[in-house]
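Nothing here was measured: the structure is a model prediction, and the numbers come from that model. Residue numbering restarts at 1 for every chain, and letters A, B, ... go by the order of the sequence lines.
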Number of protein chains: 2
Amino acid sequence: MAANKLDRSLIRNLMIFQQMSDEDLDNVLAMASVRQLPEGGSAFTQGEPATEFFCLLNGRLKVVQTTPDGQQVVVRHVNPGDIFGIAKAMRRTEYPATAVAIVESLALAWKSTQWEAFIARSPTLALNALQTVGQRLQDAHSRIRELSTEEVERRVAHAVLRLVQQAGKKTDEGILIDFPVTRQDIAEMTGTTLHTVSRVMTAWEAKGLVQSSRKKVIVIDPHRLYVLAEHSE
Amino acid sequence: MAANKLDRSLIRNLMIFQQMSDEDLDNVLAMASVRQLPEGGSAFTQGEPATEFFCLLNGRLKVVQTTPDGQQVVVRHVNPGDIFGIAKAMRRTEYPATAVAIVESLALAWKSTQWEAFIARSPTLALNALQTVGQRLQDAHSRIRELSTEEVERRVAHAVLRLVQQAGKKTDEGILIDFPVTRQDIAEMTGTTLHTVSRVMTAWEAKGLVQSSRKKVIVIDPHRLYVLAEHSE
DNA sequence: CGCGGGCTTGAACCTCGTCAAGAAGTGTGG
DNA sequence: CCACACTTCTTGACGAGGTTCAAGCCCGCG
């Protein structure tokens, strides 16, 4: 799909394109195509050649790694404004994971081969990308620390708080996670089973920390949840 | 310590400095200082301002995160040729972890403020850094997947194989990990306890997979260990 | 209204962490 | 060179936390 009617304002405020001139932005946009993803559709698939990279305009994705025996791990979530699928920029030839749309989503797509051209045009782009990837590395290390040292309840608390951070939406009942989340999803974020997540969350519900139903999570008392996540007791 | 007698060949072959001209290399070296680290000494400490970044010339470091309650997690190992402490390049103001010398080590150090100058001089440096950080991100995701889905024995197997990869040295008994490794270290790499690691490794020893003693690990049968790490059965 | 995907809950089981004690190396000072 | 202290490693017993297995419920949708 051609993209000649895209406006600069779409990407003007994105972290990654910070400090680029209007002209450069227009050039970048001219090379982009638009990709619409239905719920459940994937932008790219684990193991396939990394031919494109993306920037999410709206919607929400999860990036999933599947083990040989079929278990799934949610590596991270992609929020509007994030770039993703930049495997090729790290000189990997294949995507290491699959990006699945949680809700109907819209993304810009560029050919991987254009990455170098972008950099040449605007060197700060590389620095911005480095910062982005650096942040993700920090996040990954945090999760490693959590998985290594914390028990399930605290890990789930951290996961939910992270969701609040990324997609929290104030309502009069509390803070709603603004896209469908199943127990299974949370299990895949925390390295546990949907059963355990269910037990943990019903306990929280009894204590008035959260309120949840099918694919829906509302955090009633973020502060107490935070205390539970941090202070081990 | 001044470094005007450093030779280009020191860093000519390092991944990160690939494709730089001799002149640029000399410039980079001119700004470097040399840092010697005794065993147990640290190049930088978690939480302190990120004033420098480094490149390991020889020796071996581990990068450790400490939780508020004092538990430690080994984030990664630094091998000769690796750059480390590049927090500032990712626009973080503080080091997120501590780098401890496992054996006496020698590193080059630069002021963090010089990073931008380096990039300006040689833009490919940013791309190389991006690749390096990208690789680390992949590794981190692998560990997350392992911690989420695998049982202790397989995680320990993976950790040992990773050590072999990084510091394996052929001897007539088998492949020796070329620096001191305690059960505790392996526990901190795999999110378990030294007790469990000890049990696992004595079992392996009985099966003829490895041979180990105080701070020493020799892998006798890497292939069978690999099978154990991959094939869940 | 019935079907299916998601959620809950109990009970049995099992891995692994915790507690405890001691053995085997390593280093240090007299 | 020996004695003592310290660190590392081993091993057993026990129990808690979490997974697995199984059954059934609930809600939303066709």
Side-chain angles (χ1 to χ4, degrees), chain A residues 39-40 62 67 69-74 100 102-103 146-157 159-160 177 179-207 210-218 228 232-233, chain B residues 38-40 62 67 69-74 100 102-104 146-157 159-160 177 179-207 210-218 228 232-233:
Chain A
E39 179 180 329
K62 59 179 176 182
T67 64
D69 60 315
Q71 285 187 81
Q72 297 206 323
V73 177
V74 173
V100 183
I102 298 174
V103 295
E146 288 172 19
L147 284 164
S148 298
T149 65
E150 295 176 3
E151 308 205 322
V152 169
E153 185 173 25
R154 293 180 63 192
R155 299 209 304 268
V156 174
V160 171
I177 309 299
F179 59 83
V181 195
T182 66
R183 306 284 178 268
Q184 178 70 35
D185 288 331
I186 298 180
E188 287 171 6
M189 296 172 65
T190 51
T192 180
T193 61
L194 76 163
H195 307 280
T196 303
V197 173
S198 179
R199 284 184 245 267
V200 166
M201 295 204 31
T202 36
W204 287 352
E205 189 137 17
K207 289 201 270 177
V210 303
Q211 190 204 305
S212 74
S213 51
R214 166 177 265 249
K215 291 193 182 190
K216 197 172 81 174
V217 178
I218 299 174
L228 198 152
S232 44
E233 188 58 13
Chain B
E39 180 181 329
K62 58 179 175 183
T67 65
D69 61 315
Q71 285 187 80
Q72 298 205 321
V73 177
V74 173
V100 183
I102 298 173
V103 295
E104 187 175 49
E146 288 172 19
L147 284 164
S148 299
T149 64
E150 295 176 4
E151 307 206 324
V152 170
E153 185 173 25
R154 293 180 65 193
R155 300 210 303 268
V156 175
V160 170
I177 309 298
F179 59 83
V181 195
T182 67
R183 306 284 178 268
Q184 177 70 35
D185 288 331
I186 297 179
E188 288 171 6
M189 296 171 65
T190 50
T192 181
T193 63
L194 75 164
H195 307 279
T196 303
V197 173
S198 180
R199 284 185 245 268
V200 166
M201 295 204 31
T202 35
W204 287 352
E205 189 137 17
K207 289 201 268 176
V210 303
Q211 190 203 307
S212 74
S213 52
R214 172 176 256 249
K215 292 193 182 189
K216 198 173 79 173
V217 178
I218 300 174
L228 199 152
S232 44
E233 190 66 12

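In terms of heavy atoms, B:I177 sits closest to B:V160 at CD1-O, 4.3 Å. Residues B:T193 and B:A187 approach most closely at C-CB, 3.5 Å, considering heavy atoms. Between A:V74 and A:D185, the shortest heavy-atom distance links the atoms CG2-O, 4.3 Å.
Rounded to a whole Å, the CZ atom of A:R155 is 11 Å from the C1' atom of D:dG17. We find that CD of A:E153 is positioned 9 Å from P of D:dG18, with the value rounded to whole Å. With rounding to whole Å, A:E150 atom CD is found 16 Å from D:dG17 atom P. Note: CG (A:L147) to P (D:dG18) measures 13 Å, nearest angstrom. Distance B:L194 CG to C:dA21 C1': 14 Å, rounded to the nearest Å. The nearest whole Å value for the distance from the CD atom in B:E151 to the P atom in D:dG18 is 15 Å. In this structure, B:E205 places its CD atom 12 Å from P of D:dC9, rounding to the nearest Å. Whole-Å rounding puts the B:I102 CD1 to D:dT8 P distance at 13 Å.
With distances taken from any side-chain atom of A:T196 to the nucleotides C:dA11, D:dT11, D:dG18, the minimum falls on D:dG18. Distance from the side chain of A:K215 is smallest for C:dG6 among the nucleotides D:dG18, C:dG17, C:dG6. In the set D:dA13, D:dC9, C:dC16, the nucleotide with an atom closest to the side chain of B:S198 is D:dC9.
Checking the phosphate oxygens (OP1, OP2) of D:dG18, no side-chain nitrogen or oxygen of A:T192 falls inside 4.0 Å. Look at A:T202 and you'll find a side-chain N or O under 4.0 angstrom from OP1 or OP2 of C:dT9. For D:dT8, neither phosphate oxygen OP1 nor OP2 lies less than 4.0 angstrom from any side-chain nitrogen or oxygen of B:T182.
Not a single donor-acceptor contact under 3.5 angstrom links the side-chain atoms of A:H195 to the base of D:dT20. Residue-to-nucleotide contacts include no donor-acceptor pair under 3.5 Å from the side chain of A:R183 to the base of C:dT9. A donor-acceptor contact under 3.5 Å is formed by the side chain of A:R214 with the base of C:dG5. Taking only distance into account, the side chain of B:R199 meets the base of C:dT18 through a donor-acceptor pair shorter than 3.5 Å.
A:S198 contributes no side-chain N or O that, together with a main-chain N or O of A:L194, makes up a donor-acceptor pair within less than 3.5 Å. Looking only at distances, a side-chain donor or acceptor of B:R155 sits under 3.5 Å from a matching main-chain atom of B:T190.
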